[in-house]
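What follows is a set of notes on a single structure, which appears directly below.
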Amino acid sequence: METSVRRFFERYENAFNRSLAGDMDMDEVSALYAAEFIAASPAGVMTGRNDDQLRQVMAQGYAHYRAIGTKEMRIRDLRLSPIDDHHCVAHVAWTATYARKDPPDVAIDFDVHYFVRKLNGEPQVFGWVSGDEQALLRQHGIV
């Protein structure tokens, strides 16, 4: 499972960066997520479905990231905590790079903990826990 989850997050990173560049393949992006999911952050807990509304929200999200100058997202580190033969938590350490009006660019490190399952085929994210993204962006003068 570890090898397939690591390859999965390579695809996740690549899809995210292509979407930031405006080359968004919503079929590819939505295939990364299970039919239903849960997300938690200091802003609250939400559940959702992998449907047209999710695709619309994701397209808006990528547009917002481009608008605030997000240039790329890179995985710094990936550590897996197995749960059973089909589930794990992927602790992903990201670095986001933002373009600034006055160089240099700003790089911000943050972590997201993804709940991943692999049943018949490819791994999929069925949940995640993240920190306070907006506070971090404010702290670094991005928003």
Side-chain angles (χ1 to χ4, degrees), residues 1-84 86-102 105-143:
M1 183 167 178
E2 182 159 343
T3 300
S4 64
V5 171
R6 288 186 180 281
R7 281 194 307 252
F8 169 84
F9 276 100
E10 288 173 9
R11 287 193 317 275
Y12 190 107
E13 176 186 59
N14 290 333
F16 198 107
N17 284 308
R18 282 192 310 278
S19 296
L20 281 176
D23 182 22
M24 192 173 344
D25 179 341
M26 290 310 296
D27 289 334
E28 176 187 23
V29 173
S30 67
L32 299 170
Y33 297 91
E36 293 88 22
F37 57 86
I38 184 169
S41 74
V45 176
M46 66 156 227
T47 61
R49 296 188 58 78
N50 189 340
D51 58 13
D52 288 338
Q53 181 181 358
L54 175 65
R55 290 168 177 248
Q56 184 177 27
V57 168
M58 289 171 52
Q60 292 168 350
Y62 286 119
H64 171 73
Y65 285 134
R66 285 190 295 276
I68 64 172
T70 313
K71 291 174 65 173
E72 75 173 347
M73 298 281 281
R74 290 288 168 225
I75 295 174
R76 288 188 332 281
D77 190 42
L78 170 63
R79 181 176 53 85
L80 301 181
S81 296
I83 296 172
D84 62 23
H86 302 285
H87 301 88
C88 70
V89 179
H91 308 276
V92 182
W94 291 99
T95 297
T97 303
Y98 299 87
R100 305 297 296 162
K101 291 178 186 171
D102 298 314
D105 293 346
V106 173
I108 300 175
D109 294 340
F110 64 97
D111 298 332
V112 179
H113 309 278
Y114 297 90
F115 298 99
V116 179
R117 72 175 184 172
K118 182 180 178 189
L119 297 176
N120 298 320
E122 291 297 316
Q124 289 183 310
V125 170
F126 68 93
W128 60 91
V129 177
S130 62
D132 190 338
E133 179 182 16
Q134 291 306 306
L136 193 58
L137 293 172
R138 280 192 302 276
Q139 174 187 343
H140 289 276
I142 304 299
V143 294

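Note that the structure is predicted; figures quoted are calculated from it, not measured.
- The backbone N or O of Lys118 lies less than 3.5 Å from a partner atom in the side chain of His86, making a donor-acceptor pair.
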>> Apply side-chain contact (heavy atoms from CB on, under 4.5 Å) to residues Tyr114 and Val92 and explain how you reach the verdict.
In response: CA-CA 8 Å; Tyr114 297 90; Val92 182; 3.6 Å; yes
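- A distance of 12.0 Å separates CG in Leu78 from OH in Tyr12, rounded to the nearest 0.5 Å.
- In terms of the side-chain contact (heavy atoms from CB on, under 4.5 Å) criterion, residue partners of Glu122 (sequence neighbours excluded) are, by chain and number, Arg11.
- Under the 4.5 Å side-chain criterion, counting only non-hydrogen atoms from C-beta, Met1 is not in contact with Phe8.
- In this structure, CD on Glu28 lies 7.0 Å from OG on Ser19, to the nearest 0.5 angstrom.
- In this structure, Asp25 and Arg18 have side chains that are not in contact, with every pair of non-hydrogen atoms separated by 4.5 Å or more.
- Salt-bridge check for Glu10 with Arg6: failed, with every basic side-chain N at 4.0 Å or more from each acidic carboxylate O.
- Every residue two or more places apart in sequence or in another chain was checked for a salt bridge (charged side-chain N to carboxylate O under 4.0 Å, His left out) with Asp132, and none qualifies.
- The shortest heavy-atom contact between Ala31 and Gln124 is O-NE2, 3.3 Å.
- In this structure the side chain of Glu133 never reaches within 4.5 angstrom of the side chain of Ser41, judged on heavy atoms.
- Rounded to the nearest 0.5 angstrom, Asp109 CG and Thr95 OG1 are separated by 3.5 Å.
- Residue pairs meeting the salt bridge (Lys or Arg N to Asp or Glu O under 4.0 Å) criterion with at least one partner in residues 53-63, sequence neighbours excluded, are Asp27-Arg55.
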> Could you go step by step and tell me if Arg100 and Ile142 meet the side-chain contact (heavy atoms from CB on, under 4.5 Å) rule?
Replying inline: CA-CA 8 Å; Arg100 305 297 296 162; Ile142 304 299; 3.5 Å; yes
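- Within a 6.0 Å radius of OH in Tyr65, other residues, nucleotides and ligands contribute 12 heavy atoms or fewer.
- Atom OH of Tyr33 sits about 14.0 Å away from atom CG of Asp51, to the nearest 0.5 Å.
- A pairwise comparison of heavy atoms in Ser4 and Pro123 identifies O-CG, 3.7 Å as the closest pair.
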>> With side-chain contact (heavy atoms from CB on, under 4.5 Å) as the criterion, how do Glu13 and Arg74 come out once you've worked through the C-alpha distance, each side chain's angles and the decisive distance to 0.1 Å?
In response: CA-CA 7 Å; Glu13 176 186 59; Arg74 290 288 168 225; 3.5 Å; yes
>> With side-chain contact (heavy atoms from CB on, under 4.5 Å) as the criterion, how do Arg66 and Tyr62 come out once you've worked through the C-alpha distance, each side chain's angles and the decisive distance to 0.1 Å?
In response: CA-CA 6 Å; Arg66 285 190 295 276; Tyr62 286 119; 3.7 Å; yes
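- Summarising the geometry of Lys71 relative to Asn17, their closest heavy-atom pair is O-OD1, 4.4 Å, with the distance given to 0.1 Å.
- Across every non-hydrogen atom of Met58 and Ser30, the tightest pair is CE-N, 4.5 Å.
- Residue Leu54 comes nearest to Arg49 through the heavy atom pair CB-O, 3.4 Å, listed as atom of the first residue, atom of the second, then distance.
- Shown here for Phe37 and Ala34, the closest heavy-atom pair between the two residues is CD2-O, 4.5 Å.
- Atom CD1 of Ile108 and atom CG of Leu136 lie 5.0 Å apart (nearest 0.5 Å).
- You'll find the side chain of Arg76 reaches within 4.5 Å of the side chain of Asp111, heavy atoms only.
- With rounding to the nearest 0.5 angstrom, the CG atom of Leu80 is 7.5 Å from the NE2 atom of His91.
- Using the six-membered ring where Trp is involved, Phe126 and His87 have ring planes that are perpendicular, over 60° apart on the 30 and 60° scheme.
- Heavy-atom neighbours of Gln60 CD from other residues, nucleotides or ligands within 6.0 Å: above the threshold of 12.
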